[in-house]
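Okay, so here's the structure we're looking at.
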Amino acid sequence: MIEARRVSYALGQPLLDDVTVQIAAAECVGLTGDPAAGAALLQIMSGVLKPDAGAVHLRGLAEPAGPRDLHSTTAFVLVDLTSSAGLRVDEYLRFISRIRCAPQSHLGAALSFAERVGVRRDAAMVNLNPHHHLIVALLAAMTSAADVILVDHPLDTLDEPARSAAKACVTMMRGAGRSVVVRAEDADILGTYVDRMIRFDAGRAADAGGPLVEAGQC
Amino acid sequence: MLMYWLLWRDLTVFTRIRALWIVMAAQTLFLSAVLTTWGDGIPALTGNIVEQFARVHFALSVPLLSWIAARCSGSRQNEFAVLAAAAATSPFAVIGARAISLFVVLAIMSLTTLPLYLIAVRMTNGALGDAAMVVTNLSVLLLFVSAVVTTSLAHGQTRMVAWLGTAALALVVTALVPPHLLGMVLLVLTTMTCAAVIPAGRRPARVALLLTRRPA
């Protein structure tokens, strides 16, 4: 589905050094280890950041994907009030849904899901607790027509009800054939969500638990 | 559609900022009081009523418009990058939409003073040409303020710096440039400001987003 191929990125120090990561359709992959490296990879895959070297490829194509392709294929989940401050939950979801030209049914499903997990649709986004804020951010990604959901927030820091809701959200997205990549700090909790984990250490990526591989594939 | 929804988001958020409506009401009340109190002419100011009223209006509205523009914009330095990431679009679209929506808000705020100009024109028995020039200058001033505040924030400045910098620049220009040249000078400065936004549209996404996530 999406592949970051031989990607390098430095910001003062190398965060990613010749890293290759492949994500298959409907696969859920967790990123552990250096959080800055995981964040950089997610932002490169979403087209927010341009890598210093390497490129991102979509659907096995030989041609590297441009920012526009990445924007339309991926949804970047960022828990940040900046984009939603001043809006209500339903307004924010409608904004993301419309701006990403998603089908109306996605928005309806997201709003229903929000109410089921206790997030009122007329609640102001600024008044939501951080856990509910992440749920709404995940739902915003769900309303988009993106094939790859990139979650730049550790799901393992959520409280139990919110974690269950997030897990249900991820399951729904995978059921719709979407790939999900999540960042996390606790590998044990992350293990309950994901098919496999990738650990970042000193700019290198490795299958979690396995030996570090130089320029290897994960 | 992209621009429509970005504008919808910005304008929805802006219209919920109470300070905007309070400042708008206070400005209209103050200018009405000026016109009522000094209907025969403001002491120490030369020119007809329209020219005198325009001078008071500009002196008051330049800092107010700049403040409202900065207040309506977000408080975070990486706001444009975050919004672009959430909306899956380029920072340029977000910056452009922000400048347009700020212009719309400032125009609404300034529209409330137009009836006062009509009253001033009647008081001077028809200085319509002067009033038309003031309205033209005011429109370009709104463009200028929207562009400078947006560009300052896109370059990572704080709201305070954006407000004070824009207000100081606009006050200097309006004080030094004669009224018949003011519109043109502000238009040139606005164009230069728009050109300065190009590097800002590329930079913040790269730096600001990642910096917030670096480990301590």
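Below, read A as the first sequence line, B as the second, and so on, with proteins coming before strands; counting in each chain starts at 1. Quick caveat, the model's predicted, so the values are computed rather than measured.
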Subject >> Structural part of T89(B) lying under 4.5 Å from a heavy atom of chain A >> reply: backbone
**OP:** Identify which part of L6(B) has an atom lying under 4.5 Å from any heavy atom of chain A, answering side chain, backbone, both or neither.
**Re:**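 Answer is both: backbone and side chain atoms of L6(B) are under 4.5 Å from chain A.
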Original post:
Do T112(B) and T28(B) have side-chain N/O donor and acceptor atoms under 3.5 Å apart?
Top reply: yes
Original post:
To the nearest 0.5 Å, what is the distance between CE (M173(A)) and CG (L139(A))?
Top reply: 8.0 Å
**OP:** State the CD1-CG distance between I100(B) and D10(B), to the nearest 0.5 angstrom.
**Re:**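 Output value for this atom pair is 10.0 Å.
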Original post:
In this structure, are over 12 heavy atoms from other groups packed under 6.0 Å from W8(B) atom CH2?
Top reply: yes
Part of [X] within contact of chain B (heavy atom distance under 4.5 Å):
X: I96(A); answer: side chain
X: R100(A); answer: side chain
X: A85(A); answer: backbone

Subject >> Note: R183(A)-D152(A) ion pair, threshold 4.0 Å (strictly below) >> reply: yes
